[in-house]
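Read through the structure below, which is laid out as structure tokens, and then see the notes.
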Amino acid sequence: MEGWKRTHHLGELRIEDNEKTVTLMGWVHRRRDHGGLVFLDLRDREGITQVVFYPDLSNEAHELAHQVRSEFVVALKGIVTPRPEETANKDLATGEIEVRATDLKILSRAKTTPFQIADESEVGEDLRLRYRYLDLRRPELQDNLRVRHAATSSIRRFLDGEGFWDIETPVLTRSTPEGARDFLVPSRLSSGEFYALPQSPQLFKQLLMVSGIDRYYQIVKCFRDEDLRADRQPEFTQVDLEMSFVEQDDIIEIMERMVSTLFAEVKGSSLVTPFPRITYADAMARYGCDAPDTRFGLELADVTEGMAGSDFKVFAKVASSGGAVKGINAKTAGEKLSRKEIDDLAGFVAPFGAKGLAWIRIQPDGEWQSPIAKFLGDEARKAIVEALAPAPGDILFFVADTLSVTNFALSKLRVHLAKRLGLVDDSVWSFCWVTDFPLVEWDEEEKRYFALHHPFTSPRAEDLNLLKEDPSRVLATAYDLVLNGTEVGGGSIRIHDSEVQQKVFEMLGIEEEEAMEKFGFLLEGLSFGAPPHGGIAFGLDRLCMFLTGTSAIRDVIAFPKTQRGTCLMTDAPSKVDEKQLRELGIRLRQSAKQGGN
RNA sequence: GGGGGCGUAGUUCAGUUGGUUAGAACGCCGGCCUGUCACGUCGGAGGUCGCGAGUUCAAGUCUCGUCGCUCCCGCCA
């Protein structure tokens, strides 16, 4: 750059800078070449500034400006000038001025880009991922990264102020049973053995509490080798923290302040605290899921009891055999949904296991229009009226199945209907805490209990005696933070007593020997004087999705993976040299050699 | 592992019932143009219709397989 120093960013100059001599650098956003007069819109991450080249101001610069093309990187010197009457551009922050160029340098030429940067049109995702660095030049993604930076920096500032220490934990650690599939890393020095990438720093942060660190946090990558979704990547980022000498309410209180500060600083929104709390049992009963969208009603109501004696055999059979019949009242949907749409909703719930979807449309005269109306006796009608309070214009929907299928199908239908009926206010942040989760869940296939949260979650003190006799009734001191129907964080008070920890392992069917081999270091740590402690982890990517208003997690990650877990830019994962494998003591199976591309 | 959507010029798309030389816009290249800001204007280049088979006199179009991107179920907190 031959000693040239940039004096201003490209979103910076205003009318007050009139007559200043400036040096600007950036990418050519657009060029408008009038022959005798050339305009360049110069772009950097801060904005766009218009530059004009006059032949009589500098013939040399004007000549060179003809050669410039989109996405060239240029440097120029010039004089800030107010734009002539009527030519100001209200769409640009710098639109009242322009820079009259006296000197131009082309710092870097650019080939024609595979897609236009200075153009908002949608481009195929595969092409954008292949040339991710070009996609990141576009304002939309660049703004997302800006928001993500603002978020992490707000969170760090807040936690620092509350006395949390940022401490790094290992990325190469050991594989643990339970939870998601691990990413494995072969060890060269211990041939035949493997590290695992952490699914979260859970055990390390607990041991940091044992060390007396008192308050720890980390914004940290976590890895889970499971299939991807619109909101799931194999490597993702958690805001992970842990505190000593606290109870559930202490953690909830401080996290409400952290989240409020975050939304205030990044979005300028002021959240109302404390956030509402709902127990897991209530959430399942009223919303059918443990992460309810509380921006709208459409709550589920249970009508199982009134259906046992019904003439509608599907309901009666389910009701009398331990299943559940639940319904939703879609208030005033009668005018909005056509008969075909109503029938199509059965197809909507089918993938969630529901074998059918019954409905009743309440006519203006109060008549029940429904394929099942004639099977509903007085008792069934009474149960429905009491549970759902139908009024003319409403449509009632029912699913009858096992409790879990009924809840799952209706929870999905609830959200679907709310969107269709325009009940979802996208400008609202509706947070709630879900508490009192069951400690464990019975797995029918493996015939054993699994920890709902993770195996280090403390049972509620009053439930300790239930551990042996009826584990399924034990509630955990675990809590999730839910925002608009998405879980954005979750944590628990941990077991700080190695004996209780051992009992929980036992109940989970983890043999003592196995527990010692895989978690011995934790049990041992807890035995040397562990403070009561607990913590929480937030999904930073998901939080950023809300802060940016995007629906794809890829949009808040600089270099994301495709749904198949590949990176189209680097072409990872890739084959490796035979020599590398030999050093690791690895030989590929025939099927693995043929796989890949 | 299963189901859905998409794949045609550099990009975004159109392409009739299977019919002759596959189009548009933007971009790109060249000419003209001193107040543009999606500059204008005149001209030009640019196609393995994702890939491979099959049906047919004839396939962008129909069938089967396969690859890629994406959404969902399973999986995953």
Side-chain angles (χ1 to χ4, degrees), chain A residues 29-42 48-57 62 66 69-71 81 83-92 94-95 98 100 110-131 134 178-182 199-200 202 222-234 236 238 289-291 347-353 408-409 412 434 437 441 445 450-454 457 478 480-482 486-492 536-539 542 551-552 554 561-564 566 568 596-597:
Chain A
H29 191 66
R30 281 204 177 84
R31 179 184 63 123
R32 290 177 295 280
D33 189 341
H34 290 227
L37 184 62
V38 180
F39 294 94
L40 293 186
D41 287 343
L42 212 56
I48 287 175
T49 298
Q50 173 169 286
V51 183
V52 206
F53 294 84
Y54 290 96
D56 46 2
L57 195 59
H62 179 258
H66 286 301
R69 294 291 181 273
S70 288
E71 301 307 315
T81 317
R83 294 202 191 182
E85 238 12 68
E86 315 251 311
T87 63
N89 185 342
K90 287 184 283 298
D91 297 333
L92 284 183
T94 59
E98 62 194 9
R100 304 197 171 186
K111 289 197 296 188
T112 302
T113 50
F115 53 89
Q116 287 164 253
I117 313 300
D119 189 302
E120 281 135 48
S121 67
E122 295 281 321
V123 178
E125 183 111 24
D126 39 0
L127 198 69
R128 293 169 45 205
L129 288 170
R130 164 106 205 274
Y131 299 99
L134 294 181
E178 313 265 317
R181 192 178 294 114
D182 284 321
Q199 297 179 24
S200 80
Q202 184 60 36
C222 302
F223 306 86
R224 293 178 189 165
D225 188 7
E226 298 292 349
D227 286 1
L228 284 71
R229 284 286 190 286
D231 61 352
R232 267 168 28 197
Q233 283 270 304
F236 59 100
Q238 284 191 342
C289 67
D290 62 1
F348 173 82
V349 295
F352 310 114
F408 187 41
K412 296 289 188 186
V434 179
F437 281 81
E441 189 172 45
E445 270 182 30
F450 272 87
L452 203 70
H453 191 61
H454 54 55
T457 301
D480 278 359
L481 183 63
V482 173
T486 300
E487 183 207 321
V488 292
S492 62
I536 193 167
F538 292 87
R542 283 188 189 174
S551 56
R554 296 179 299 279
K561 306 271 189 292
T562 68
Q563 195 157 50
R564 269 185 65 244
T566 64
L568 297 181
N597 306 314

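Keep in mind that the numbers below use all heavy atoms, side chains included, and drop hydrogens, waters and symmetry copies. Letters A, B, ... mirror the listed sequences (proteins, then strands); counts begin at 1. Just so you know, these numbers come straight off a predicted model, no measurement behind them.
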(message) What is the distance, to the nearest angstrom, from the CG atom on A:Asp480 to the P atom on B:A77?
(response) 12 Å
(request) Return no unless some side-chain N or O of A:Arg128 is found under 4.0 Å from OP1 or OP2 of B:U70. (result) no
(message) Applying side chain to side chain donor-acceptor pair (under 3.5 Å), can you list everything that pairs with A:Ser70, at least two apart in sequence or on another chain?
(response) none
(message) Under a plain distance cut-off of 3.5 Å, with no hydrogens placed, do A:Asn89 and A:Gln50 share a side-chain donor-acceptor pair?
(response) no
(request) Could you measure between the two C1' atoms, the one in B:C6 and the one in B:G46, and give it in whole Å? (result) 25 Å
(message) Strictly by Watson-Crick or wobble contacts shorter than 3.5 Å, is anything paired with B:A58, and which nucleotide is it?
(response) none
(request) Would you classify A:Arg83 as touching base, sugar-phosphate or nothing, given that sugar-phosphate means primed atoms plus P, OP1 and OP2, and contacts are heavy atoms under 4.0 Å? (result) base
(message) On RNA chain B, does the nearest nucleotide to A:Phe408 precede the nearest nucleotide to A:Asp41 from the 5' side, or the other way round? Give the residue.
(response) A:Asp41
(request) Report yes if at least one side-chain N or O of A:Arg554 is closer than 4.0 Å to OP1 or OP2 of B:U70; otherwise report no. (result) yes
(request) Report yes if a side-chain nitrogen or oxygen of A:Lys412 is closer than 4.0 Å to either non-bridging phosphate oxygen (OP1 or OP2) of B:C73; otherwise report no. (result) yes
(message) Using Watson-Crick or G-U wobble geometry with both distances under 3.5 Å, which nucleotide pairs with B:G43?
(response) B:C29
(message) If I pick the C1' atom on B:G40 and the same atom on B:G47, what distance separates them, to the nearest angstrom?
(response) 29 Å
(request) Name the residue closer to the 5' end of RNA chain B, choosing between A:Gly179 and A:Ala230 according to the nucleotide with the nearest heavy atom. (result) A:Ala230
(message) Looking at every non-hydrogen atom in both residues, tell me the closest pair between A:Phe223 and A:Phe236 and how far apart they are.
(response) N-CE2, 4.3 Å
(message) Using atom C1' in both nucleotides, what's the gap between B:G50 and B:U70 to the nearest angstrom?
(response) 15 Å
(request) Please test A:Lys111 against A:Glu71 for salt bridge (charged side-chain N to carboxylate O under 4.0 Å, His left out), starting from the C-alpha separation and ending with a verdict. (result) CA-CA 8 Å; A:Lys111 289 197 296 188; A:Glu71 301 307 315; over 6 Å; no
(message) Less than 4.0 angstrom between a side-chain N/O of A:Arg542 and OP1 or OP2 of B:A77, yes or no?
(response) no
(request) Using only side-chain N and O atoms of A:Arg32, determine if any of them is under 4.0 Å from OP1 or OP2 of B:C39. (result) yes
(request) If B:U21 has a Watson-Crick or G-U wobble mate with both distances under 3.5 Å, name it; if not, just say none. (result) none
(request) Can you tell me, in whole Å, how much space there is between the P of B:G7 and that of B:U61? (result) 12 Å
(request) Using modelled atom types only, decide if a donor and an acceptor are shared between the side chain of A:Arg69 and the backbone of A:His66 within a distance under 3.5 Å. (result) yes
(message) Would you measure the distance from the P atom in B:A25 across to the matching atom in B:U66 and give it in whole Å?
(response) 39 Å
(request) Check whether the aromatic ring of A:His34 stacks on the base of B:U36, taking stacking as ring centres less than 5.5 Å apart and planes within 30° of each other. (result) no
(request) Evaluate whether atom CZ of A:Arg83 has more than 12 neighbouring non-hydrogen atoms of other residues, nucleotides or ligands under 6.0 angstrom away. (result) yes
(message) Set out, in order, the CA-CA distance, both residues' side-chain angles and the distance that settles salt bridge (charged side-chain N to carboxylate O under 4.0 Å, His left out) for A:Arg229 and A:Asp231, then state yes or no.
(response) CA-CA 5 Å; A:Arg229 284 286 190 286; A:Asp231 61 352; over 6 Å; no
(message) Between the base of B:G27 and the side chain of A:Asp119, is one N or O donor paired with an acceptor at under 3.5 angstrom?
(response) no
(message) Nearest to the side chain of A:Ser70, heavy atoms from C-beta on, is which of B:C75, B:U36, B:C28?
(response) B:C28
(request) Please check if the side chain of A:Thr566 supplies one atom and the backbone of A:Leu568 the other of a donor-acceptor pair under 3.5 Å. (result) no
(request) Between B:A77, B:C69, B:C75, spot the one nearest the side chain of A:Asp290, thanks. (result) B:A77
(message) With a 3.5 Å limit on both atom pairs, tell me what B:U34 is paired to, counting Watson-Crick and G-U wobble, or say none.
(response) none
(request) At under 4.0 Å between heavy atoms, which parts of nucleotides 5-14 of chain B does protein reach? Answer with one letter per nucleotide, 5' to 3': B base, S sugar-phosphate only, - none. (result) -----BSS--
(request) Look at the side chain of A:Arg69 against the base of B:C29 and say whether a donor-acceptor pair falls under 3.5 Å; ignore hydrogens and angles. (result) no
(request) Using a cut-off of strictly less than 4.0 Å, decide whether A:Arg181 has a side-chain nitrogen or oxygen near OP1 or OP2 of B:C76. (result) no
Using a cut-off of under 3.5 Å, enumerate the N/O to N/O pairs linking the protein to nucleotides 40-45 of chain B.
none

(message) With a cut-off of less than 4.0 Å, is there a side-chain N or O of A:Thr87 near OP1 or OP2 of B:U36?
(response) no
(request) Before accepting this row, confirm whether a basic side-chain N of the pair A:Arg32/A:Asp41 lies closer than 4.0 Å to the acidic partner's carboxylate O. (result) yes
(request) Identify the nucleotide, in any strand shown, that forms a Watson-Crick or G-U wobble pair with B:U63, with both distances under 3.5 Å; if there is none, say none. (result) B:A53
(request) Can you see which heavy atom on A:Gln238 is nearest to which on A:Arg224, and at what distance? (result) NE2-NH2, 3.8 Å
(request) Output yes when a side-chain donor or acceptor of A:Arg30 lies under 3.5 Å from a complementary backbone atom of A:Leu42, and no otherwise. (result) no
(request) Tell me what A:Leu568 touches on the nucleic acid: a base, only sugar-phosphate, or nothing, going by heavy atoms under 4.0 Å. (result) sugar-phosphate
(request) Take atom C1' in B:A22 and the same atom in B:A59, then report the distance between them in whole Å. (result) 13 Å
(message) Taking the C1' atom in each of B:G4 and B:G19, what is the distance between them to the nearest angstrom?
(response) 33 Å
(message) For a 4.5 angstrom cut-off between non-hydrogen side-chain atoms, does A:Asp33 reach A:Phe39?
(response) no
(request) For B:G3 and B:U21, measure between their P atoms and round to the nearest Å. (result) 39 Å
(request) Would you indicate which nucleotide in B:G74, B:C71, B:U34 comes nearest to any side-chain atom of A:Arg229? (result) B:G74
(message) Check this for me: does the side-chain of A:Arg224 come within 3.5 Å of the base of B:C76 through a donor and an acceptor?
(response) no
